Amino acid sequence: MANIDWLTFLLALLAGAVRVGTPFLFVSLGECLTEKGGRINLGLEGILVAGAMTGYAVSYLSGSPWLGVLAAGSTGLALGLLHGIVCSLPRVNDIAFGIALILLGTGLAFFLGKAFIQPQAPMLPSFSLGQWSADERVRSALNINVLFFLGVALAILLHWGLRSTRWGLMLRLVGDHVESAQALGYRPIKVRIWATSIGGFLAGVGGAYLSLYYPGSWNEGLSSGQGLMAVALVIFARWQPLNCLWASLLFGAAGAIGPALQAVGINTGYYLFAAAPYALTLLVMFITCQPNRTLTGAPGELSLTR
């Protein structure tokens, strides 16, 4: 360990945190919106995979990766809308239908995406922010996809919107106390359907990032549970969009430990380090969900708080 090139390791970890953390960012922001309205969507994993397949297919067929991103988001919007409508029916459980949505989204993606496993679709562009440096390692670490910057801007916008706009206050009221929202003339079911749909759109965009940038292909093993881990990430972030940004980078760094070690010539225990994001998820759930701890910031109508 004394011979580790720490500069290379830290740069690889930084680059990996951004690359791996970007889909976490979009999915967690989508789930944050959904849960702010008092609903949980465990089906984000299915939406993520379906979005990845749709984005890749449309990018390949149209030649435009941005059309692929739009198609992926639209697929997520449709599945989020389905979740919102079905879960608004009497006696329908959010958790149970979320699990069904995982199976639906992944099943459709695997079935419809078989024809797109081999072809190469156009990829999303990235910004090279390291041209000022002569060090190739610095230039590689600062080669950042445009969707990451959009995700950062979105996190800031949502942080402001939830605190300072009428729609943000309405969403928070519906998520915290549905009777008060009804007394003020709001329609909680409609608000929750819209929040879940927009959350699905963002998760679909996160899927497009996976297939159109990193790792940049479509296959049935593309997602590694990011959709489910995003639920734990939102709890860890205490339902705050800006905290979702930092938490996404933390989860991304956990997923990048193995490749970063490989960059400095350490291959021992690679698969053990690959399990770091899952271990972090379990640790977050253990620390934040103990019976003797309150979930600070949790919406009052969220099923896990009732």
Side-chain angles (χ1 to χ4, degrees), residues 4-29 48 51-52 55-56 58-60 62-70 72-73 119-157 202-219 221-224 226 229-230 233 242 244-267 270 273-274 276-277:
I4 288 181
D5 184 343
W6 287 106
L7 175 61
T8 300
F9 174 76
L10 292 175
L11 287 173
L13 193 63
L14 172 64
V18 173
R19 285 197 302 266
V20 181
T22 299
F24 280 117
L25 176 58
F26 278 94
V27 179
S28 64
L29 289 176
L48 187 77
Y56 194 84
V58 171
S59 177
Y60 173 71
S62 69
S64 170
W66 291 111
L67 282 180
V69 172
L70 181 61
Q120 180 60 51
M123 296 288 105
L124 287 167
S126 59
F127 289 120
S128 183
L129 303 180
Q131 294 302 318
W132 52 269
S133 175
D135 192 327
E136 178 61 31
R137 299 169 298 178
V138 174
R139 293 199 298 270
S140 176
L142 294 180
N143 195 41
I144 301 175
N145 184 263
V146 65
L147 280 184
F148 173 73
F149 296 106
L150 293 177
V152 172
L154 182 61
I156 296 172
L157 179 64
L202 295 179
V205 171
Y209 176 91
L210 288 175
S211 60
L212 295 177
Y213 185 73
Y214 184 80
S217 63
W218 161 247
N219 61 77
L222 185 66
S223 174
S224 302
Q226 286 100 323
M229 284 188 280
L233 191 155
L242 280 183
C244 286
L245 170 59
W246 314 127
S248 296
L249 291 174
L250 176 63
F251 272 64
I257 291 176
L261 288 173
Q262 278 193 324
V264 294
I266 299 177
N267 297 307
Y270 175 80
F273 287 111

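Bear in mind the structure is a predicted one, so any value in this text is a computation, not a measurement.
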One pair to check against side chain to side chain contact (heavy atoms under 4.5 Å, CB included): Tyr213 and Thr22. What are the steps and the verdict? CA-CA 10 Å; Tyr213 185 73; Thr22 299; over 6 Å; no
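Closest approach of Leu129 to Phe149, counting heavy atoms only: CD1-CZ, 3.6 Å. The shortest non-hydrogen separation linking Pro259 to Gly255 is CD-O, 3.8 Å. The heavy-atom pair separating Gly51 from Ala72 by the smallest distance is O-CB, 3.1 Å. Taking all atoms of both residues into account, the shortest heavy-atom contact from Gly206 to Leu48 is C-CD1, 3.6 Å. Nearest heavy atoms, Ser59 versus Pro122: OG-O, 2.8 Å. Heavy atoms only, all atoms of each residue included: Pro65 and Met123 are closest at CG-O, 3.4 Å.
Side chain of Ser248 to main chain of Leu25: a donor-acceptor pair is present (N/O by atom type, distance under 3.5 Å, no hydrogens or angles). Within the 3.5 Å criterion, the main-chain N or O of Arg19 finds a donor-acceptor partner in the side chain of Tyr209. With hydrogens and angles disregarded, a donor-acceptor distance shorter than 3.5 Å links the side chain of Ser28 to the backbone of Phe24. Checked by atom type and distance alone, the side chain of Ser211 never pairs as donor or acceptor with a backbone atom of Trp218 at under 3.5 Å.
By the 4.5 Å heavy-atom criterion applied to side chains, Leu202 and Leu154 are counted as neighbours. The shortest distance between side-chain heavy atoms of Gln226 and Val27 does not fall below 4.5 Å. Contact of the Tyr56 side chain with the Leu222 side chain is not registered, since no non-hydrogen atoms from C-beta on lie closer than 4.5 Å. Side-chain contact between Pro215 and Leu210 is present, with heavy atoms from C-beta onward closer than 4.5 Å.
For Phe148, the CZ atom is densely surrounded, since the number of other residues' heavy atoms within 6.0 Å is greater than 12. With a 6.0 Å radius and a threshold of 12 heavy atoms from other residues, nucleotides or ligands, Trp66 has its CH2 atom above the threshold.
The SG atom of Cys244 sits 11.5 Å away from the CG atom of Leu249 when rounded to the nearest 0.5 Å. Considering CG of Leu233 and CG of Leu250, their distance stands at 8.0 Å, rounded to 0.5 Å.
Evaluation of the side chain to side chain donor-acceptor pair (under 3.5 Å) test over residues 141-155, restricted to residues two or more places apart or in two chains, returns Ser126-Asn143.
Take Ala17 and apply the side-chain contact (heavy atoms from CB on, under 4.5 Å) test, not counting sequence neighbours, and it matches Ala253.
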